[in-house]
Each structure stands twice: as structure tokens, then as C-alpha cells.
Amino acid sequence: MRNYCFGTNMKMYKTRRDTEIFIKTLLDQLKGFHSDSLELFIIPSFPALETAGRLLKDSPVLLGAQNMHWADEGQFSGEVSARMLKELGVSMVMLGHSERRHIFGETDADLNKKLLAAVRSSICPLLCVGETKEEKDAGVSDELLRMQLKQGLFQFPKEGLHLLRIAYEPVWAIGVSGVPAPADYVAKRHDAMRACLTELFGTEGGAIPLLFGGSVNPSNAPGYLTAPNVDGLFVGRSAWDAENYYKLATSLFPL
Ligand code: PGA
């Protein structure tokens, strides 16, 4: 059976208390849930991680962080290391979200160091890639995606590939002012990314989960999942309510 991933990034919205309520409600709904083919995850804010880690222990939901530094430790005030995250029960880290790239200036070279650090610590890196509207209009989306993948995954060890997840999130489709992407457009970008990953890693590149995100909602989600190379969904606003998260997760994927 094919494997899928589904999860949400809570950005800078939910407090520790909000996250606690979200998780308790979600776990209540997920009682008895088990799936070998669907990986669920949530990515709360840093201050909520400890509480989230405690609540999610032994649950079917993985805990992710929204960023991480590449060094094990050092003079990097305001940053967080892999070891600090692991201590809180974090097993996944989102790297290169468009807001990190475009508001905070993270480069592909920075992300490459972070990806390698995550894998060294056995944390699943969720690498986010995506083109801007200008890049789409200029017809260079696939070139841009190839560059982000090749630079971000430079010297990525083959033995760590089972940890890697990738999310394609067109910058123009994300957030309140985002325009949902047509499903056939997404299918083509995912095919191009798959071709690039196969070029980089051979047949093992074919097994790396490729998630789609950006204004995903209950009505457009099924369309995205019909594409052969869309292996899951990475959802913001539409999954910030625990019941909506549960409904999306359990209605869209074959369990
Ligand atoms: P959105 O967010 O679903 O609210 O567009 C997606 C994201 O930024 O990951």
C-alpha cells in the first residue's frame, strides 16, 4: 500500500495553551486510530514544544519544530539545536518554509547545513521548496525547484534518505493572500521534483515523500492527491482546528 503524510505548521499563531487544547482534542478524536500507511504530524511554536512532546508521547502523531540551527551548540543567541529539540520529543523539523526564506533571508546553503545536521541527529527534515509568482510567470518554476532541491540536498547521505520529507509550497499559493494552485499545475511540479530526486539518488529518490501545501482546503485537497507524485498534504489554516485536522486526515487517505 502507498504511504502518505499529513500535517500542519501552526506558524506563530498558537500559544502553549492553544496547542495543548488542539492536541487534547485531536488525540480524543484519534482514539483507536492506527495506520501503517499514513504519517501524521504537527509543527507547533517553540514555546509549545515541551507540552506537545509530553502529550504526543506514544501517540500516532509526530512532533515537528519550525526551524533549527545547524550547529550542535555555540554562540548563536536565539537559535535552537537538534539536541535541544530531541530532548523535547521532537522527531521532525521543517526547514526552508517560504516565510523563513523570504522574510528571514534563509538561503539554500544555510538550509543544506541544517538538513545535514538534522539527519546527523536522526531528526526527519521536512524541506520546503517553492517558486514565487514572478518565477512562475517567467516560466522557471521547475528550474527553481531543481536548484532548491540540488543545493538543499547537496551531499545528503543516502543512508539518511528514509528520514527526508519534502513539501512543495508555491510562495504565491501560501497564506491569507495565497491563490490556490490548479491541481494539474501541482502534478507537473511534483513530476519534475521526482525526476530531480531520482537523478540525485537513483531509485531511492522515488520513495521520498513529496507533500503539497499552500491554501489546501477540504474542497481542493482530493484533486491534489490524484497526482501520482503527491504523497501527502502540508496544511496551514484549514487544519488549525483539531476537528478539521482530524476530518482532513481521515477522509482523504486510504487507511
Ligand atoms: P496555508 O499555509 O495552508 O494556510 O496556505 C500553508 C503553509 O504555509 O505551510
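We count ligands from 1, going down the list as the structure has it; atoms in each ligand are counted the same way.
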Nearest-contact summary for atom 3 (O) of ligand 1 - protein heavy atom, Å:
Gly236 N, 2.9 Å

Which atoms of ligand 1 have any heavy atom of His97 under 4.0 Å away?
7 (C), 8 (O), 9 (O)

If you take the centroid of each ring, where Trp contributes its six-membered ring, are Tyr13 and Phe22 closer together than 6.0 Å?
no

Quick test of your reading of the model: are Arg16 and Glu50 salt-bridged, counting only N-O distances below 4.0 Å?
no

Hey, is Asp108 close enough to Arg101 for a salt bridge, meaning N to O under 4.0 Å?
yes

Assess Gly175 for proximity to ligand 1: is some non-hydrogen atom of it under 4.0 Å away?
yes

Ring centres under 6.0 angstrom apart (Tyr245, Phe6):
yes

Give the atoms of ligand 1, by number and element, whose distance to some non-hydrogen atom of Lys11 is under 4.0 Å.
2 (O), 7 (C), 8 (O)

Side-chain contact, heavy-atom cut-off 4.5 Å: Glu135 with Ser141?
no

If you have a sec, work out which protein heavy atom is nearest atom 4 (O) of ligand 1 and how many Å separate them, to one decimal?
Arg237 NE, 2.6 Å

Looking at ligand 1, is there an atom of it that comes within less than 4.0 Å of some heavy atom belonging to Ser215?
yes

Heavy-atom gap Gly214 to ligand 1 smaller than 4.0 Å
yes

Closest non-hydrogen protein atom to atom 9 (O) of ligand 1, residue and atom name please, with distance?
Glu169 OE2, 2.7 Å

Hey, does the Lys NZ or Arg CZ of Lys113 hover above the aromatic six-ring of Trp70, less than 6.0 Å from the centre and inside 45° of the axis?
yes

